Amino acid sequence: IVNFKMPYLVEGNRGGAPAYLAPEVMAAEPGTLDDPVLIDYSKNDVFAAGMLAHYMLTNGVEDAFTADHPHYSAATYNHPPRGCPPPIADLVWAMVNPSFEHRITAEEALARVDAMIYVGDQWE
C-alpha cells in the first residue's frame, strides 16, 4: 500500500464491508499487470465513520442512502432526523458525500468535531 492506494487486479474482496466502502472503492474495476488499477482508500475510513454516524443518528432504522452502490448521490441521501443539530447533520453529509473530491478528510472531520466541542451547544 502506497499513500492509501492499493492495486486491484482480481475481481473480489476490496477490503471491507460493502455497506461501509466508499463509492470510488466499490466502483473500481480490476486492472491488469500491464495496466494496474489503484484503488484510493484515503477517504474510505471517513466514509465508513460517516455511515456509522448516520446509522446511530437514525437508531439503526434508516440507511444513509436509498440507492445501492454505486448509485449514491445527494438525491438518494436520507438526511438525519429532525432535531439533529445542523452542524452534526452537515458533518455526517460531508463524511458520506459520494463525491471523492467533496468528501472531507479525517483531519477536516476532526477539526469540525473540535469546533463543535469548543462551541458547545451554541449551534448557531
Side-chain angles (χ1 to χ4, degrees):
I1 299 176
V2 177
N3 295 327
F4 292 101
K5 294 180 181 176
M6 192 166 85
Y8 183 50
L9 302 174
V10 179
E11 182 68 39
N13 190 336
R14 291 172 178 87
Y20 296 97
L21 290 175
E24 65 274 6
V25 174
M26 286 299 293
E29 295 290 331
T32 64
L33 289 175
D34 295 329
D35 187 21
V37 168
L38 294 177
I39 297 178
D40 189 343
Y41 287 92
S42 62
K43 293 184 179 178
N44 189 72
D45 288 346
V46 170
F47 183 85
M51 293 292 274
L52 182 60
H54 188 280
Y55 188 77
M56 291 186 314
L57 288 170
T58 62
N59 291 319
V61 297
E62 185 177 272
D63 291 332
F65 293 92
T66 59
D68 292 328
H69 274 309
H71 305 291
Y72 289 171
S73 70
T76 64
Y77 179 64
N78 286 320
H79 295 274
R82 291 176 201 235
C84 178
I88 293 175
D90 293 345
L91 171 63
V92 172
W93 167 246
M95 293 172 73
V96 300
N97 193 316
S99 169
F100 180 87
E101 292 78 23
H102 294 107
R103 190 175 320 127
I104 61 175
T105 64
E107 292 80 12
E108 292 166 328
L110 178 60
R112 286 193 186 192
V113 170
D114 284 345
M116 283 187 264
I117 291 169
Y118 180 75
V119 170
D121 62 357
Q122 303 168 6
W123 298 109
E124 294 155 33

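Fair warning: this is a prediction, and the values are worked out from it, not measured in the lab.
Taking both residues in full, the closest heavy atoms of Gly50 and Val92 are given as O-CG1, 3.7 Å, listed atom of the first, atom of the second, then distance. Across all non-hydrogen atoms, the minimal contact from Thr105 to Val46 is C-CG2, 3.7 Å. Closest approach of Trp93 to Pro98, counting heavy atoms only: CH2-CD, 3.5 Å.
Here the side chain of Asn44 pairs no donor or acceptor atom with the backbone of Leu21 at under 3.5 angstrom. In terms of modelled atom types and a separation under 3.5 Å, the side chain of Asn97 and the main chain of Ser99 share a donor-acceptor contact.
Phe47 and Tyr72 have parallel rings, their planes meeting at less than 30° on a 0 to 90° scale where 60° marks the start of perpendicular.
Contact of the Leu91 side chain with the Val113 side chain is registered, since non-hydrogen atoms from C-beta on lie closer than 4.5 Å. With a 4.5 Å cut-off on side-chain heavy atoms, Phe100 and Lys43 count as touching. Counting heavy atoms from C-beta on, the side chains of Ile104 and Arg112 come closer than 4.5 Å. Proximity of Val96 to Tyr77: side-chain heavy atoms (C-beta onward) are separated by under 4.5 Å at one or more points. Between His54 and Pro80 there is a side-chain heavy-atom pair separated by less than 4.5 Å.
Qualifying side-chain contact (heavy atoms from CB on, under 4.5 Å) partners for Ala48, counting only residues two or more places apart in sequence or in other chains: Tyr20.
Under a hydrophobic-cluster definition in which Ile, Leu, Val, Met, Phe, Trp and Tyr are linked whenever side-chain heavy atoms come within less than 4.5 Å, directly or via other members, Leu110 and Ile117 are assigned to different clusters.
Screening residues 93-105 for salt bridge (charged side-chain N to carboxylate O under 4.0 Å, His left out), with sequence neighbours left out, gives Glu24-Arg103.
Here the CG-CG distance, from Asn78 to Leu57, works out to 12.5 Å after rounding to the nearest 0.5 Å.
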